[in-house]
Amino acid sequence: MNTILVGTQWGDEGKGKIIDILSQQADYIVRYQGGNNAGHTVVVADKEYIFHLVPSGILHKGKICCIGNGVVIDPAVLESEIRAMSSVGVELDGRLMISALAHVIMPYHRILDQLREKKGTHKIGTTGRGIGPCYADKINRCGIRIVDLINPRVFREKLADNLKEKNEIFKKVYHYPGFEFSAIYKEYTRYAKLFSSNVCNIALLLDRAIKEKKDILFEGAQGTFLDIDFGTYPYVTSSSATSGGACIGTGVPPVSIDKVIGVAKAYTTRVGEGPFPTEFAPKLSEIMRQKGQEFGATTGRPRRCGWFDAVMVRDAVILNGITELAVMKMDVLDGVKSVKICVAYTYKGKIFKEFPYDAEVLRSARPVYQEMPGWGKTVNKPRDYVELQPNAKAYLSRLQDILGARIAIVSVGSSRDDTLFISA
Ligand code: IMP
């Protein structure tokens, strides 16, 4: 079975935990887009692990973890994650494979990302990791790929070409001194040596795995509404975070995909700038932020919080071909008097039942809510779906009806045990 796991909101839905659980059944776990802007948190035996680049399935012995061509790789981050894994006794021995075609984040990408954000006229609220500039170079056909990095002659040539043009731009547009060839060349040649034995043709590796009937789990980063095409542009990331990205970002053909699972938080959060129709007023936002520990796993930034937006998530179900959903952090809503679900928007007297792609409409859209009674604080954590409080079950059942996909998993806490499975 080849399964894609995607976020249905603005990222941070809790995908890391579901990937960790589903990884137990998978043979291969594959990242297909994004880079170290992502942060997947996994809690095992009370110990928290945060992954930015390496698929979180690496915690499971014997699993092959792949970084696909659609990912942008900051080698310094990859090195530190590999070292961190070794230091806690997770052995990689041939289990981490990197696509030769993945693009490399260079120091000038990071700095450009930060300078553009500082300039501030069109601030996106990026993670400042160089993601956008790296993808821009990829599309502009001047990027440096892993296959280029491990070939000293090609790397030298491409780096020199890039610096020639970019240093001019840095100096003239950003009044930034620019970059020295030799320091970057030395640093990145060291990475090339470090990773070269992990580099391979991921498309062929996965083709072989499919022919051998192995199970592959494609691990999406960010979320549907941060997708470069379908997200709330320009307040998006620079990659294809929807399920289609799994094929583009690995070379696995669409006909080989069996299932798409969507992950949604029981409410909504967003980091960075951009429209957010169901956002709470500041006081409630702060209460929920503290309760749900809504701080970015990558940058530590406080996340904006709001009610569940079913218009958005229903759109995500359609865009991704989701048939099953995992609803996360239900426990954070425990003790809330009444809960609200956004079922439509109004704008200039008109009702919108579908997600509006016009940023102008979305910015001023007012949510139409269905209000439902909340449920009390949980004394004993439910260990089975039937043990959930009746009003919590009613909330999930209403979500399922609106979203048009089966809720198969409900999470009521951060550990693996706090996961309820609902059979079909
Ligand atoms: P970038 O991906 O760093 O360019 O940031 C673009 C937008 O995507 C910003 O609003 C970020 O906060 C958001 N973003 C990027 N990665 C994540 C993520 O993993 N979770 C949530 N938001 C993210």
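In listed order, ligands and their atoms are each counted from 1.
Separation of atoms CD1 (I111) and CZ (R116) is listed at 14.5 Å; rounding is to 0.5 Å. Taking OG1 of T268 as the start and CG of D309 as the end, the distance is 5.5 Å to the nearest 0.5 Å.
Atoms of ligand 1 lying under 4.0 Å from at least one heavy atom of R301, given by number and element, are 11 (C), 12 (O). Here is the list of ligand 1 atoms found below 4.0 Å of a heavy atom in I124: 10 (O). Which parts of ligand 1 touch W10 is read off a 4.0 Å heavy-atom cut-off, strictly below it: atoms 21 (C), 22 (N).
Around atom 11 (C) of ligand 1, the closest heavy atom drawn from G35, G272, G125 belongs to G125.
The protein atom (non-hydrogen) at minimum distance from atom 20 (N) of ligand 1 is D12 OD1, 3.0 Å. Remark: minimum distance from atom 22 (N) of ligand 1 to any protein heavy atom is reached at L226 CD1, 3.5 Å. Atom 17 (C) of ligand 1 has as its closest protein heavy atom Q222 CG, 3.6 Å. Scanning all protein heavy atoms for the shortest distance to atom 10 (O) of ligand 1 gives V271 O, 3.2 Å. Counting protein heavy atoms only, atom 5 (O) of ligand 1 is closest to T126 CA, 3.3 Å. For atom 2 (O) of ligand 1, the closest non-hydrogen atom on the protein side is T237 OG1, 2.6 Å.
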Item to complete: List the steps, then state whether side chain to side chain contact (heavy atoms under 4.5 Å, CB included) holds for Y395 with L333.
Response: CA-CA 11 Å; Y395 178 71; L333 292 179; 3.8 Å; yes

Item to complete: Dump the intermediate steps for side chain to side chain contact (heavy atoms under 4.5 Å, CB included) on I257 and F218, then the final yes or no.
Response: CA-CA 10 Å; I257 304 298; F218 296 89; 3.7 Å; yes

Worksheet item: Step by step, would you call L163 with F170 a side chain to side chain contact (heavy atoms under 4.5 Å, CB included)?
Response: CA-CA 10 Å; L163 287 184; F170 272 109; over 6 Å; no

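Salt bridge D12/R303: present, at least one basic N to carboxylate O contact under 4.0 Å. Remark: E219 does not engage K15 in a salt bridge, criterion side-chain N to carboxylate O under 4.0 Å.
Proximity of Y235 to ligand 1, defined as any heavy-atom pair under 4.0 Å, is not found for any part of the residue. Using a 4.0 Å cut-off between heavy atoms, V236 contacts ligand 1 through its backbone alone, with no side-chain atom that close.
Counting heavy-atom neighbours within 6.0 Å of E360 CD, excluding the residue itself, gives a total of 12 or less.
Looking at R145, its side chain never comes within 3.5 Å of a backbone N or O of N69 through a donor-acceptor pair.
The N/O atoms of T127, backbone and side chain alike, include one that comes under 3.5 Å of an N/O atom in ligand 1. Inclusion of E273 in the set of residues having an N or O under 3.5 Å from an N or O of ligand 1 is not warranted.
A38 counts as a contact of ligand 1, since one of its heavy atoms falls under 4.0 Å from the ligand.
Of all the heavy atoms in L226 and W10, the pair that sits closest is CD1-O, 3.3 Å.
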